[in-house]
Amino acid sequence: MALTGLDIFKQLPKKNCKECGAPTCLAFAMSLAAGKVALDLCPYVSEEAKENLGAAAAPPIRLVTMGVGETALTLGDETVIFRHDKTFCHPTVFAIEVNDTAKDLTAKIAKINDLKVERVGQQLGVNAIAVINASKDAATYKDVVGKIAALTQLPLILVSDNVAALEAALPGVAAKKPLVYAATAANYEKVVELAKANACPVAVKGTNLADTVELVEKIAPLYKELVIDTGSRATSQVLADQTQIRRLSVKKKFRPLGYPTMTFTESADPREEVIQASVYVAKFAGIVVLKADEKSQILPLMAWRQNVYTDPQKPIAVEAKIYEIGAVTASSPVYICTNFALTYFAVEGEVAGSKIPGYILPVDTDGTSVLTSWASGKFSADSITEFLESSGIKAKINHTTCVLPGYTAVLSGKLKEKSGWTVMVGPQEAAGIPAFAKAHFA
Ligand code: SF4
């Protein structure tokens with residue numbers, strides 16, 4: 001049973017020294033009970049208390065890793081139900097299915113390796129390949145798994161209901177720490193032993209939520225590197241399961257469900273499949289296995305995942321400095337925006353698209369957007385003037401004209417007065433920049 005904050009408090013040193021970041025030991029105990037902090041933040045906890053508090057100190061959802069090196073993946077270790085409570089930590093893994101009967105394996109894997117894009121300064125991509133034992137043949141599976149492992153750096157998920165196929169394929173790729181899928185009620189002793197012997201994580205697959213709990217309760221005493229799949233495939237049922245799992249693990253610290261989750265999309269309609277996957281990303285899935293392998297399907301999912309897993313308290317920001325877009329000269333235009341990454345990259349893309357080189361000066365607004373920072377006073381005539389002075393832009397140009405975002409036209413008079421620059425009011429949306437640039441700077 002989960003310990004309450006008071007149970008935990010009784011075992012703490014009660015120094016109220018604040019070294020853990022909490023104002024009192026009681027506050028720390030309450031945060032620990034809620035799974036929001038780790039016990040090791042308190043340097044004074046006795047060994048006896050550590051032992052007693054082991055369960056309470058463990059994260060509500062276990063951290064599980066798969067893969068090795070630069071492409072290794074961490075799953076779980078989430079501590080909140082709602083993103084705005086704190087943040088979600090480990091983005092949903094996208095794994096693409098490849099059957100061991102696939103014809104042109106080399107081309108297929110090359111295509112998956114290439115499913116990546118840079119967005120707002122971050123590299124996004126698919127994360128794993130799920131090798132499906134469609135042939136049901138152990139030798140074929142071993143051969144194909146070996147070939148795929150040689151063609152990609154991405155971690156693998158070995159998907160087979162044939163224990164012999166898993167036994168044949170796993171040892172050859174165990175050094176790459178694939179996820180073994182799946183331990184079921186019928187085979188869990190053998191599959192868990194195999195995963196454990198090869199130090200790889202293993203997925204536990206039930207037929208529904210209750211049945212999965214029963215299975216995890218049998219397996220957890222044997223091995224704890226688990227990922228859980230309730231076996232549900234209908235979107236509404238997966239959504240219900242994922243929600244229950246997150247609530248029970250985080251709020252009730254219900255240990256049998258305190259593991260990262262995985263699910264598969266099943267829709268044959270590519271558009272529906274993307275919608276299914278987007279629901280699972282929003283609702284807590286640790287891994288989503290997709291059939292989709294077209295950029296047009298995967299890129300929107302990656303953008304959606306990036307949005308869900310961005311820390312709401314720390315917007316993605318770019319450095320406030322001079323950016324030169326294209327072959328700028330002393331007479332190139334100067335565009336002012338904020339250092340919110342989405343704003344900056346939208347402006348950058350459109351300035352580049354205008355084919356008229358220009359400078360972009362993103363004012364430091366703590367990563368907030370134009371209207372948000374204007375409303376909070378961070379994007380003001382004073383802050384823009386200060387940046388025009390401190391950035392060093394004057395040494396690069398032979399004019400003093402800047403372009404202000406259209407939504408903040410109200411600042412133009414005061415900015416002109418404060419800075420002495422000529423202020424042009426630009427378009428409201430970045431998409432208007434090419435036409436604006438052609439009209440004024442061509
Ligand atoms: S560091 Fe330990 S002793 Fe100090 S306030 Fe936090 S819980 Fe109490």
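In each ligand, atom 1 is the first atom listed, and ligand 1 is the first ligand listed.
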Specify the protein heavy atom at minimum distance from [atom]: its residue, its atom name, and the distance to 0.1 Å.
atom: atom 4 (Fe) of ligand 1; answer: C17 SG, 2.3 Å
atom: atom 7 (S) of ligand 1; answer: F28 CD2, 3.5 Å
atom: atom 6 (Fe) of ligand 1; answer: C20 SG, 2.3 Å

Parallel, tilted or perpendicular: ring planes of F284 versus F88, cut at 30 and 60 degrees:
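Correct class here is perpendicular.
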Determine yes or no for a side-chain-to-main-chain donor-acceptor pair under 3.5 angstrom, with T338 supplying the side chain and T368 the backbone.
yes
C42 near atom 2 (Fe) of ligand 1 via N/O/S, less than 2.8 Å:
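Of the N, O and S atoms in C42, at least one lies under 2.8 Å from atom 2 (Fe) of ligand 1, which means yes.
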Is there an N/O/S atom in C25 that lies less than 2.8 Å from atom 8 (Fe) of ligand 1?
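Yes - counting backbone and side chain alike, C25 has an N, O or S atom under 2.8 Å.
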Under 4.0 Å between a Lys/Arg side-chain N and an Asp/Glu carboxylate O for E225 and R62?
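Salt bridge between E225 and R62, a charged N being under 4.0 Å from a carboxylate O: yes.
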What atoms in ligand 1 come closer than 4.0 Å to a heavy atom of K15?
3 (S)
Does a side chain donor of either [X] or [Y] reach within less than 3.5 Å of an acceptor in the other side chain?
X: Y181; Y: D229; answer: yes
X: N187; Y: T184; answer: yes
X: Q242; Y: T261; answer: yes

Below 4.0 Å, non-hydrogen atoms only: which portion of N16 touches ligand 1? Side chain, backbone, both or neither.
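Backbone only.
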